[in-house]
Structures are given as C-alpha cells and as structure tokens.
Amino acid sequence: MIAIVDYGAGNLQSVKKALDFIGCASEITYDKNKIAKASHVIMPGVGSFGDAMESLRKRGLEDVIKNAANGERPFLGICLGLQLLFSTSEESNGAKGLGIFGGEIVKIPSENELKVPHMGWNSVSLKQKDGIFKDIPDESYFYFVHSYYLKNADEEAVAGTTEYGVEIQCAVQKGLVAATQFHPEKSSETGLQLLRNFAEV
C-alpha cells in the first residue's frame, strides 16, 4: 500500500487518480500508524513552505515523515514535497524544513522576463537513469508549476535538471528516497512511467 500523506497542502486527488490508473493501491491519509506501516510513501504538496511545515507539525507528522524518508523504504516528494525535504526556503524565512537533503530553496529570478511562477512543460536532463527514472529517455518533458527552486544540492543526490532562466535542480534521488519539483501525475505517460518505477521499487 502506498500512503499519500495528507498534511493539508492539497494536490492529493490527482496523485491518487494517477496511481489508480496504473493499478497501484494507495490511500490518502494523515494517520501516523498507516504512514508508518505503508510499503511506500508519497508526500505531494502545493502552497508555501512555512505553512506546510506548520501543518505537518500540527498534525504530528514531522517525525513520521522523517522516519519514512530515512532510506529504508521508497519515498517520493512531489513539488512542495521536494522543497520540504530541505532545511530552509527563501519563501519562509525562519521556517525549519525536514533537512533530509542538503541544498538551497530560492526564488526563481524574474529579471529574464520569464513569468514567475514557472508553469508549463520543460525537458529534464537526467543525471541518474535508474530508480524513478528507469526506462525514461533523457530530455523527456515534465509539467512544472512553481516559484521557488532547488540549487546547490549535494551533487550525488541530483537526479535531474532543467532550465528556466537558471539551472534548476528539479529531481533528487538517494537510495530509496526521491523527489521531483515537477508533477509526474500531470506529466502524461512519462510521468506515469515514473510513478510505475517508484511503485515497483
């Protein structure tokens, strides 16, 4: 069973529908015991870094998520769910993230006349071609919606990058723990393949 973590940050039903479509059993839940016992855990999210971390803590889920992302079972963060795996974000000064990975979450610069938030399809240059990216061609397109991005992540953890005025480290993967800035559940067949890969780990 795949647990889809409900911490009040939305975007849950689209993930569940994608998993249903590919035949993977899943449940949207904020039950700590269910998350702890799940074979796989997905943490989606849209919204602000600080509000999301406050919501996680109010629901008593911070330690549960840290344990789920300790590398002992498959874990996938999506969009804001990627950003929360880092310690801080420019979006919410003073808010403390989960600190699973090392790196910086910063605002996409707007001086290049590019619209912020970044919304649309971008190709992803793969730095890793196993795990969630197994059987996915390099430079495949994925769907993005975000105003903040990851940079200066630990090099060995960076699984994919894209360009939007700056280089965006849009996927990380270390062992069984992975996260994407893009939305696989909204990225057509390529995104579904990524979710299949995750479910089969």
Side-chain angles (χ1 to χ4, degrees), residues 4-15 28 30 35 41-69 75-122 124-125 127 132 142-155 157-174 177-187 191:
I4 304 169
V5 181
D6 179 4
Y7 57 101
N11 198 43
L12 305 175
Q13 289 296 334
S14 58
V15 175
I28 296 171
Y30 54 83
I35 296 169
V41 176
I42 296 180
M43 182 171 68
V46 293
S48 82
F49 185 95
D51 289 347
M53 284 306 306
E54 183 179 359
S55 180
L56 272 176
R57 294 186 175 110
K58 281 183 176 178
R59 296 190 183 202
L61 294 176
E62 182 174 13
D63 288 341
V64 176
I65 297 303
K66 284 183 177 179
N67 288 337
F75 180 97
L76 178 65
I78 297 175
C79 196
L80 181 60
L82 172 143
Q83 297 178 12
L84 297 179
L85 296 178
F86 294 82
S87 296
T88 60
S89 171
E90 281 188 357
E91 183 177 21
S92 305
N93 289 329
K96 184 179 178 183
L98 297 169
I100 305 297
F101 290 103
E104 303 172 51
I105 305 297
V106 298
K107 183 76 180 285
I108 296 174
S110 55
E111 54 264 24
N112 296 321
E113 298 184 359
L114 295 171
K115 291 183 178 180
V116 179
H118 167 212
M119 299 177 64
W121 295 82
N122 271 62
V124 172
S125 299
K127 309 304 178 186
I132 60 171
F142 293 90
Y143 188 76
F144 289 79
V145 182
H146 63 121
S147 298
Y148 292 81
Y149 75 100
L150 169 64
K151 72 174 187 177
N152 296 331
D154 298 333
E155 187 175 346
V158 177
T161 63
T162 193
E163 297 285 337
Y164 190 72
V166 293
E167 181 183 73
I168 291 170
Q169 295 173 332
C170 61
V172 291
Q173 182 169 241
K174 189 173 183 180
V177 181
T180 64
Q181 183 61 66
F182 54 79
H183 290 269
E185 78 282 4
K186 297 180 180 179
S187 297

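Note that the structure is predicted; figures quoted are calculated from it, not measured. Hydrogens, waters and symmetry mates are skipped; everything else that's a heavy atom, side chains included, is used.
Considering only residues two or more places apart in sequence or on other chains, T161 meets the side-chain hydrogen bond (donor to acceptor under 3.5 Å, both in side chains) condition with none of them. Applying the side-chain contact (heavy atoms from CB on, under 4.5 Å) criterion to D154, with sequence neighbours excluded, gives E156, A157. The side-chain contact (heavy atoms from CB on, under 4.5 Å) check on S187 picks up W121, F142, Y143, with sequence neighbours excluded. For E62, the salt bridge (Lys or Arg N to Asp or Glu O under 4.0 Å) criterion is met by R57, K66, not counting sequence neighbours. Residues passing the ring pair (Phe, Tyr, Trp, His ring centres under 6.0 Å) test with H146 are H118, F144, sequence neighbours excluded. Legend: residues meeting side-chain contact (heavy atoms from CB on, under 4.5 Å) with Y30, ordered by chain and number and at least two apart, are D6, R59, L61. Every side-chain contact (heavy atoms from CB on, under 4.5 Å) that K107 has, sequence neighbours left out, goes to E90, V116, S147, Y148. Contacts of S14 classified as side-chain hydrogen bond (donor to acceptor under 3.5 Å, both in side chains), with partners at least two apart in sequence or in another chain: N11.
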Derivation of the side chain to side chain contact (heavy atoms under 4.5 Å, CB included) call for K151 and V106: CA-CA 7 Å; K151 72 174 187 177; V106 298; 4.1 Å; yes
K115/Y164 under side chain to side chain contact (heavy atoms under 4.5 Å, CB included): CA gap, chis, key distance, verdict
CA-CA 10 Å; K115 291 183 178 180; Y164 190 72; 4.1 Å; yes
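Residues A69 and V177 share a closest heavy-atom pair of O-CG2, 3.5 Å. Taking every heavy atom of both residues into account, I42 and P44 meet most closely at O-CD, 3.4 Å. In terms of heavy-atom proximity, Y7 sits nearest to G45 at OH-CA, 3.4 Å.
Side-chain atoms of Q173 never come within 3.5 Å of backbone atoms of A159 as a donor-acceptor pair (strictly under, hydrogens ignored).
Taking CD1 of I168 as the reference point, atom OG of S125 lies at 12.0 Å (rounded to 0.5 Å). Note that CD1 of I35 is 5.0 Å distant from CD1 of I65, once rounded to the nearest 0.5 Å. With values rounded to the nearest 0.5 angstrom, L84 atom CG is found 10.0 Å from S55 atom OG. Residue S48 holds its OG atom at 7.5 Å from CG of L80, rounded to the nearest 0.5 Å. Considering CG of L82 and CD of Q169, their distance stands at 10.0 Å, rounded to 0.5 Å. Taken from CG in N122 to CD in E163, the straight-line distance is 9.0 Å, to the nearest 0.5 Å.
Note on residues 89-111: pairs passing ring-ring contact (aromatic ring centres under 6.0 Å, His included), not counting sequence neighbours, are F86-F101. For residues 46-68, no pair satisfies ring-ring contact (aromatic ring centres under 6.0 Å, His included), with sequence neighbours left out. Here salt bridge (Lys or Arg N to Asp or Glu O under 4.0 Å) pairs that include residues 41-56, with residues two or more places apart or in two chains, are E54-K58.
The closest side-chain heavy-atom distance from K96 to S87 is not below 4.5 Å. Inter-residue side-chain proximity for V15 and H183 is flagged as unmet; no heavy-atom pair is nearer than 4.5 Å. The shortest side-chain heavy-atom distance between V46 and V145 does not fall under the 4.5 Å cut-off. You'll find the side chain of I108 stays beyond 4.5 Å of the side chain of L114, heavy atoms only. At a threshold of 4.5 Å between non-hydrogen side-chain atoms, the residues T180 and V124 do not count as touching. Two residues are said to be in side-chain contact when any heavy atoms from C-beta on lie closer than 4.5 Å; L56 and M53 meet this criterion. Proximity of F182 to T162: side-chain heavy atoms (C-beta onward) are nowhere separated by under 4.5 Å.
Residue K174 places its NZ atom among 12 or fewer non-hydrogen atoms of other residues, nucleotides or ligands, all under 6.0 Å distant.
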